[in-house]
Amino acid sequence: MDFGRRVVVLRRWRVAVRFEWRAVIVCAALVAAMVCLAMLALMTGSYQLSPGQVVSALVGGENGLVRDIVVEWRAPRVAAALVFGAALGVSGAILQSMLRNPLADPGIIGFSQGSYTGALIVILVVNGSYVQLIGGALLGAMATAVAVYVLAYRRGVQGFRLIIVGIGVSAMLESLNTWLILKADLEQAMAAAAWGAGSLNVVSWNQVAIGGVCIAVLLLLAAMLSRPMRQMELGDDTAASQGVRISSARLGVVVVGVALTAIVTAASGPIAFISLVAPQIGRRLVRSAGITLAPAALVGALLCLAADYLAQHVAPTPLPVGIITVILGGGYLGYLLFTEARRRL
């Protein structure tokens with residue numbers, strides 16, 4: 001009997017090692033793809049550059065126009081796409097893990113619209129700085145999360161009910177945001193409408209630095225929460241029996257997920273569907289049934305960078321990145337809704 005148990009443990013260990021190696025290979029391939037696409041984004045534009053010029057400008061070997069193009073104009077946009085895309089990917093991964101539903105997304109359940117409302121009020125009423133935008137977006141997203149949770153609570157919160165309530169709250173907030181823009185001055189309304197489409201056109205190193213530091217801290221907190229999230233995916237009773245404090249863990253997951261979404265929204269406006277698509281693609285690449293934070297972050301960064309590259313070059317004038325993510329993510333959302341409906345029938 002003891003020999004049989006050792007064989008089972010050894011087989012499980014081999015399976016775990018194989019999955020770990022697959023995750024490492026997948027993450028390395030995603031990083032390589034990100035580097036290649038980032039280099040392409042730094043090279044191409046109205047002023048074409050060679051790889052040597054880009055590398056020289058990044059290491060300080062170029063001066064004048066080439067350095068300004070690479071370091072001051074293109075590099076902040078590339079860095080923002082990578083950092084913000086990773087934040088959105090992790091935000092979607094932890095929310096989908098907590099609700100145990102692939103449709104869980106900050107944009108669908110209203111968190112993105114709530115953060116947009118908070119930031120919009122700061123823009124139109126206070127005309128505040130980027131730090132004030134982060135505060136307004138965070139307060140708006142937290143208030144929306146509380147409202148969705150209270151409205152969806154019926155002897156507990158089920159993932160599908162919370163998503164349905166979140167869709168309704170998101171629609172109401174979208175109407176409120178439209179009303180706020182219509183009541184604003186023409187210049188403010190035009191700026192807010194363009195920003196609300198989700199754009200990296202005017203992002204700066206200051207926004208990348210402040211947002212990057214905040215996102216790095218939140219990603220560290222998400223990594224610390226990954227173990228209790230894996231246990232909660234087995235069920236609340238099982239997780240509680242293993243010493244997990246369910247209420248505290250869920251509160252931490254919601255706060256981290258909402259904060260990641262709010263920081264991105266404050267810098268670039270709501271970028272839709274990255275947080276919905278990235279965790280699912282990352283999970284399928286790794287072939288894991290549980291939460292996969294690193295692949296979700298890397299896929300989110302790659303998708304955001306690719307969408308922003310298309311937004312710059314697919315039309316005669318640069319488009320907001322949110323338009324590209326809506327086009328690509330809308331089809332994926334339809335596929336998820338179709339498969340979810342078939343599963344429940």
Side-chain angles (χ1 to χ4, degrees), residues 30 33-46 73-93 102-103 105-108 111-113 115-116 119 137 170 174 177-178 181 190-204 207-208 211 215 260-261 263-282 284-285 295-337:
L30 290 172
M34 286 164 47
V35 171
C36 294
L37 186 56
M39 179 63 70
L40 180 63
L42 293 173
M43 290 167 50
T44 54
S46 57
W73 300 345
R74 295 178 183 174
R77 185 164 185 159
V78 170
L82 294 174
V83 173
F84 297 159
L88 292 174
V90 172
S91 176
L103 293 175
D105 172 74
I108 293 177
F111 296 169
S112 294
Q113 287 295 334
S115 61
Y116 179 35
S170 179
E174 188 173 357
N177 295 338
T178 302
I181 293 175
M190 292 177 63
W195 174 79
S199 176
L200 300 176
N201 291 339
V202 294
V203 72
S204 65
Q207 292 172 318
V208 174
I215 288 171
L260 287 170
T261 302
I263 291 171
V264 176
T265 303
S268 60
I271 301 177
F273 291 114
I274 294 289
S275 50
L276 173 71
V277 177
Q280 297 300 314
I281 295 178
R284 284 166 171 76
L285 289 175
L298 294 175
V299 171
L302 183 60
L303 287 177
C304 191
L305 182 58
D308 187 57
Y309 182 82
L310 290 175
Q312 294 181 70
H313 301 286
V314 75
T317 57
L319 299 174
V321 64
I323 293 178
I324 303 298
T325 59
V326 166
I327 294 173
L328 299 178
Y332 186 78
L333 175 61
Y335 165 76
L336 276 183
L337 290 172

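This one's a predicted model, so the numbers in the text were calculated from it and none came from an experiment.
Here the closest heavy-atom approach between residue L82 and residue A301 is recorded as O-CB, 3.3 Å. Shortest non-hydrogen contact noted between I263 and G211 is CG2-CA, 3.9 Å. Residue T44 comes nearest to L40 through the heavy atom pair OG1-O, 2.8 Å, listed as atom of the first residue, atom of the second, then distance. The shortest heavy-atom contact between P279 and G89 is CG-O, 3.5 Å. The minimum heavy-atom distance between V264 and I215, with the atom names listed, is CG2-CD1, 4.5 Å. Taking each heavy atom of I181 and A192 in turn, the nearest pair found is CG1-CB, 4.3 Å.
To the nearest 0.5 Å, atom OG of residue S275 and atom CD of residue Q280 are 11.0 Å apart. Between atom CG of residue L305 and atom CZ of residue F84 there is a gap of 13.0 Å, rounded to the nearest 0.5 Å. Interatomic distance, S115 OG to L260 CG, rounded to the nearest 0.5 Å: 11.5 Å. Of the inter-residue distances, the one linking Q312 atom CD with S46 atom OG reads 10.0 Å to the nearest 0.5 angstrom.
Judged as a side-chain hydrogen bond (donor to acceptor under 3.5 Å, both in side chains), the pairs with a partner in residues 75-91 (not counting sequence neighbours) are, in order, R77-N201, R77-D308, S91-T261.
With L298 as the partner, the side-chain contact (heavy atoms from CB on, under 4.5 Å) test is satisfied by one option alone out of L303, L30, I281: L30. When each of I274, D105, V83 is paired with L88, the side-chain contact (heavy atoms from CB on, under 4.5 Å) condition holds for I274 and for no other.
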Which pairs of donor and acceptor atoms, one on a side chain in residues 318-325, lie under 3.5 Å apart (sequence neighbours left out)?
| from | atom 1 | to | atom 2 | distance (Å) |
| --- | --- | --- | --- | --- |
| T325 | OG1 | A272 | O | 3.1 |
| T325 | OG1 | G322 | O | 2.9 |

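Side-chain atoms of Q207 come within 3.5 Å of backbone atoms of S204 as a donor-acceptor pair (strictly under, hydrogens ignored).
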